[in-house]
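Right, one structure below, let's go through it.
Chain A is the first sequence line, chain B the second, and so forth, proteins listed ahead of strands; every chain is numbered from 1. Reckoned from all heavy atoms, side chains included, excluding hydrogens, waters and symmetry mates.
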Amino acid sequence: VTLRSQAGPLLAAVCSGAGIGVAVREAGPWAIVLVLVLTAILVGAAQQALP
Amino acid sequence: MNAVYGIANAGVSRGAARWGELTARLTLPLYVLASAGAGVATGAALGAIGGAIPLDGRIAIASGLALAAVAMGVAGVLGRMTTPLQCDRETPREWVDRGPVSWAVRNGVVLGFGATTRIGFVLWYAVGAGALLTGDWVAGALIYGAYGLTRGAGAWVAILATRRYPADRVGLFAMKHHYTALRVTSVHLLMLSIAMLVAVGG
């Protein structure tokens, strides 16, 4: 796995992160809570795949 | 799958014979409720503690953590996964011998809290850090409660799946997707940390 081969996912993550950041900043503090709630759901779901 | 084992065996344990079939059937809902409840309680406590930290301090901590998370997220996307600091252990299988109610509550609480079990993903720390740094007990309860509910409800999904597929196959399906989960959580960690830097640090 090289930086070049992962440029797509990296760029997508950085751009969408920046977009979400701007949206959250405009929407207010409860938008941060919403993002963190969705993150918590993702973590809980991902942990079902723990070996 | 440890939870599935516990739920599947709750009906045949010594305790189940004493408490009856109805109690054994309540194992799964109790387990999910305990997991969600533990998450809500932990998140509320973290949020309340975070409320004691001045806003400037919380923003500074969040920015510092987000910068570190960017580095770990990039490394994760590039296949260099950071092993999180963790206890790396499952809940004891012997708990199932203590009866369905005891098993459901103990196991649910421990998994809903999460910190004393196998964590597996660096992104897990965002749940606790997020609950703490919001500085609000309601927000903390919502964030950590969502984690506890999802972690507990995963067993429900697995139990439903075992009605259609063999239990071994369900377990293997989950474990075979571990690397995918690592990749997804790494991308999400990078995205979340950039979002936090833009939202609170910019």
For [X] against [Y], the heavy-atom pair lying closest together:
X: B:Val198; Y: A:Arg25; value: O-NH1, 3.2 Å
X: B:His188; Y: A:Thr39; value: NE2-OG1, 2.8 Å
X: A:Pro9; Y: B:Arg183; value: CG-NH2, 4.5 Å
X: A:Gly17; Y: B:Ile194; value: C-CG2, 3.8 Å
X: A:Gly44; Y: B:Thr150; value: C-CG2, 3.8 Å
X: A:Gln48; Y: B:Ala155; value: OE1-N, 4.1 Å

Measure the spacing between [atom1] of [X] and [atom2] of [Y] and express it to the nearest 0.5 Å.
X: A:Leu36; Y: B:Leu192; atom1: CG; atom2: CG; answer: 6.0 Å
X: A:Ile41; Y: B:Ile143; atom1: CD1; atom2: CD1; answer: 11.0 Å
X: A:Trp30; Y: B:Asp136; atom1: CH2; atom2: CG; answer: 5.0 Å

Honestly, the part of B:His178 sitting under 4.5 Å from a heavy atom of chain A is both

Would you mind checking which part of B:Leu78 comes under 4.5 Å of any heavy atom in chain A, side chain (CB onward), backbone (N, CA, C, O), both or neither?
-> both

Toward chain A: residues of residues 113-133 of chain B with heavy atoms under 4.5 Å | B:Arg118, B:Ile119, B:Gly120, B:Phe121, B:Leu123, B:Trp124, B:Ala126, B:Val127, B:Gly130

Give a yes or no on this: more than 12 heavy atoms of other residues, nucleotides or ligands lie within 6.0 Å of atom CG of B:Leu160.
-> yes

Show your reasoning for whether side-chain contact (heavy atoms from CB on, under 4.5 Å) applies to A:Val35 and B:Met196.
-> CA-CA 10 Å; A:Val35 170; B:Met196 289 303 125; 4.2 Å; yes

Check side-chain hydrogen bond (donor to acceptor under 3.5 Å, both in side chains) between B:Thr185 and all other residues, then give those that pass, not counting sequence neighbours.
-> none

